[in-house]
Enquirer: 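Below are the structure tokens for one structure; questions will follow.
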Amino acid sequence: MRPVYVIGIGITSFTRLEYPLSEIAAYPAMMAMKDAGWKEIDHLYVANMGSGRVNHQTGLASAVVDTLSLTPAGAEVIENGPASGASAIKTGLMAVASGLHDVVMVTGAERMREVNNLEATEFIATLTHPLAEYIYGVTLPSLAAMFTRLYMEKYGVTERHLAMVAVKNQNNALLNEFAHLQQEISIEGILDSPEAMTNNPYVAEPLRFFDCCPVSDGGACVILASEEVARKVERPLVRLAGVGQATDTHAVHEREEPTDLLAVRRAAAKSFGMAGLTPSDVDVAELHDAFTILEIVESEEVGFFPKGEGEGHLALERGETAVGGKLPINPSGGLKGRGHPVGATGVAQAHEIVHQLRGEAGERQVNDAKVGFTCNFGGFGNNVVCLTFVREN
Amino acid sequence: MSREIYAYKCRKCGHLHYPYRMVCRNCGENEHNEFDQVPLPKRGKLLTWTRAYSLPADFEVPSLGLGIVELENGIRITGQLRVDDPKIGMDVRGEVEIVRREGYDERYGMIFYEA
Ligand SMILES: [Zn+2]
């Protein structure tokens, strides 16, 4: 396989966007071409989950490739639920690594605010098992809540730990001009004060409002290229060194050990294996914190902290995962602070890592970051894609 | 008529599945429909639970109890939970009842009560 590099990146604000879905996909693509100083694109992958259902638009990639006047380049949509973004990047890597294409654009986009929050929750709930989960009214927050309760019981994670993730990530987002949530929060405000229970009601016990990511519109793009092209482009050399993907049972109740996220563990191991690196090599990570518990558990499953003792929440307590800590997690604000336009999220995670490895992340820059990692979590952990990036020069 | 929810027993190796899948997760040897339907037991222990407040629009209730139950034969099932003060590990019993109405469609599933 040929080595594959990220030569350009672009992103929209993650918020409510008033322009059409195809433009939410195209705008970051234009920024990425400008960033790379390169406009010859062989192929386009669009990561999206809901265009048909939420926006009543199908064949999105054909719309986007024409909006960008990139025809007759090939184009298609990659749909893998909330892991669509990293799946599309993985597919782009395969196209360049195989030699089929030299330059592939991967743009992720979602326009979820077209519907109200309940309809958005319902749309995401269609990820669940139709007969064994969906018919009961099971949603992603309720699956996450049942998982959280078990994790608390087994490992001593408390609502305070969950709130610490929310505060860390939402306050990281204040340093990210593209992040959805621009509101400073504190443990006092969301947990300890007399108003906290009003400010922060239960969504699905024991998860509260501030444990859940917002519903966002947004788009992000990365352009992948061969080494030959990457050396012509005058940008820092960031290599997509590892991709790994794993699946797990569709119905959550079938998993042998209900507090494990085996697909995360396996996808991460494959990604590190391909890169020839280990979790201890990572300087900065973007993990899929759609719910606060997930950042803690993924930080263990990918191998940053030992799972046996439930070390993830203890590392959080010690501040190791803050910007300036030993291993900053979600400096961008994560899904919690940046927002979660489902199809765009995996690409936005990669965008942040490339930004960090280039040393261009401004006030939230992680010092001397050379190796970055992303975990994009689809369904409730039934389809997970992990990426490993390395700064080369 | 009493309604049942079924587990699916592989005719090649005996492994029990819930929900249905087309190929055995244990032996991978059976072909389509080489499963025997086995009614799920109704009693078990509550493995975990939640009370959810942000519900799909067709649920016209302010909140909904949901749980995962480990049944007497070791099979786990997700269902609705109608228990005032749920506790992990408590004994529950299930009834097959209407769990969701979508237009004129009535969907049946397991609802768990305190045993
Ligand atoms: Zn079998």
Side-chain angles (χ1 to χ4, degrees), chain A residues 115-154 200-209 211-212 214-215 247-259 291 293 380, chain B residues 5-8 15-21 25-26 40 44 46-71 74-82 86-89 94 96-102 105-112:
Chain A
V115 295
N116 66 38
N117 266 358
L118 279 184
E119 287 174 77
T121 300
E122 169 74 4
F123 152 56
I124 303 295
T126 61
L127 285 164
T128 63
H129 194 290
L131 293 176
E133 293 174 336
Y134 178 83
I135 60 161
Y136 293 102
V138 166
T139 58
L140 269 290
S142 48
L143 288 177
M146 290 192 282
F147 179 87
T148 303
R149 187 178 299 285
L150 277 174
Y151 221 82
M152 288 174 149
E153 179 104 346
K154 185 163 176 184
N200 193 13
Y202 282 120
V203 171
E205 298 172 27
L207 292 180
R208 296 176 178 278
F209 177 79
D211 291 311
C212 306
V215 174
T247 53
D248 203 343
T249 62
H250 193 182
V252 172
H253 68 237
E254 275 196 285
R255 305 198 185 146
E256 205 164 316
E257 186 51 68
T259 47
F291 306 100
I293 185 72
F380 194 78
Chain B
I5 294 177
Y6 295 96
Y8 296 84
H15 189 80
L16 277 174
H17 300 255
Y18 173 76
Y20 175 72
R21 52 169 51 77
R25 188 168 160 73
N26 185 52
L40 283 178
L46 186 61
L47 183 76
T48 183
W49 62 277
T50 184
R51 175 153 290 281
Y53 296 87
S54 173
L55 302 174
D58 48 330
F59 285 87
E60 291 168 343
V61 289
S63 70
L64 183 68
L66 295 163
I68 296 177
V69 172
E70 191 159 299
L71 299 169
I75 288 285
R76 295 198 200 115
I77 178 172
T78 303
Q80 288 178 1
L81 185 66
R82 292 200 190 144
K87 296 263 188 295
I88 286 179
V96 179
E97 296 175 33
I98 294 169
V99 292
R100 188 168 196 165
R101 289 189 172 83
E102 292 170 297
D105 270 353
E106 291 174 337
R107 309 296 298 271
Y108 283 81
M110 198 84 95
I111 301 182
F112 287 99

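All chains are named by letter (A, B, ...) in the order of the sequence lines, taking the proteins before the strands, and each is independently numbered beginning at 1. Here the structure is a predicted model, which means the values were calculated and not measured.
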Enquirer: Mind listing the closest non-hydrogen atom pair of B:G74 and B:E70 along with its distance?
Expert: O-CG, 4.0 Å
Enquirer: Identify the two heavy atoms, one from A:V252 and one from A:E133, that lie closest to each other, and give their separation to 0.1 Å.
Expert: N-OE2, 2.8 Å
Enquirer: Side chain from CB out, backbone as N, CA, C, O: work out which of these in A:A125 comes under 4.5 Å of a heavy atom of chain B, or both, or neither.
Expert: neither
Enquirer: With a 4.5 angstrom heavy-atom cut-off, could you sort out which part of A:E153 is near chain B: side chain, backbone, both or neither?
Expert: side chain
Enquirer: Under a 4.5 Å heavy-atom cut-off, does chain A meet the side chain of B:L64, its backbone, both or neither?
Expert: side chain
Enquirer: Would you say the side-chain atoms of B:Y20 pair up with the backbone N or O of B:Y6, donor to acceptor, closer than 3.5 Å?
Expert: no
Enquirer: Quick one: what part of B:E102 sits under 4.5 Å from any heavy atom of chain A, side chain, backbone, both or neither?
Expert: side chain
Enquirer: Are a donor atom and an acceptor atom from the side chains of B:R51 and B:S63 found within less than 3.5 Å of each other?
Expert: yes
Enquirer: Under 4.5 Å heavy-atom distance to chain B, tell me which part of A:S142 shows up: side chain, backbone, both or neither.
Expert: both
Enquirer: Checking heavy atoms, do the side chain of A:Y134, its backbone, both or neither come under 4.5 Å from chain B?
Expert: both
Enquirer: Checking B:L47 against chain A: side chain, backbone, both or neither under 4.5 Å from a heavy atom?
Expert: both
Enquirer: Check whether A:E205 gets within reach of chain B through its side chain, its backbone, both or neither, counting any heavy atom under 4.5 Å.
Expert: both
Enquirer: A:E122, A:H129, A:R149, A:E119: which one forms the most heavy-atom pairs within less than 4.5 Å of chain B?
Expert: A:R149
Enquirer: Look at A:N117, A:T249, A:L207, A:V203 and state which one has the largest set of heavy-atom pairs under 4.5 Å with chain B.
Expert: A:V203
Enquirer: Just say parallel, tilted or perpendicular for the rings of A:H253 and B:Y18, cut-offs at 30° and 60°.
Expert: parallel
Enquirer: How close do B:T78 and A:M146 get, heavy atom to heavy atom, and via which atoms?
Expert: CG2-CE, 4.5 Å
Enquirer: For the residue pair A:E254 and B:P19, what are the closest heavy atoms and their distance?
Expert: OE1-CD, 3.6 Å
Enquirer: Only pairs of heavy atoms separated by less than 4.5 Å count here; which of B:Y53, B:F59, B:W49 has the most with chain A?
Expert: B:W49
Enquirer: Between B:I88 and chain A, which part of the residue has a heavy atom less than 4.5 Å away: side chain, backbone, both or neither?
Expert: side chain
Enquirer: Show the nearest heavy-atom pair for residues A:T139 and B:P56, with the distance to one decimal.
Expert: CG2-CD, 3.8 Å
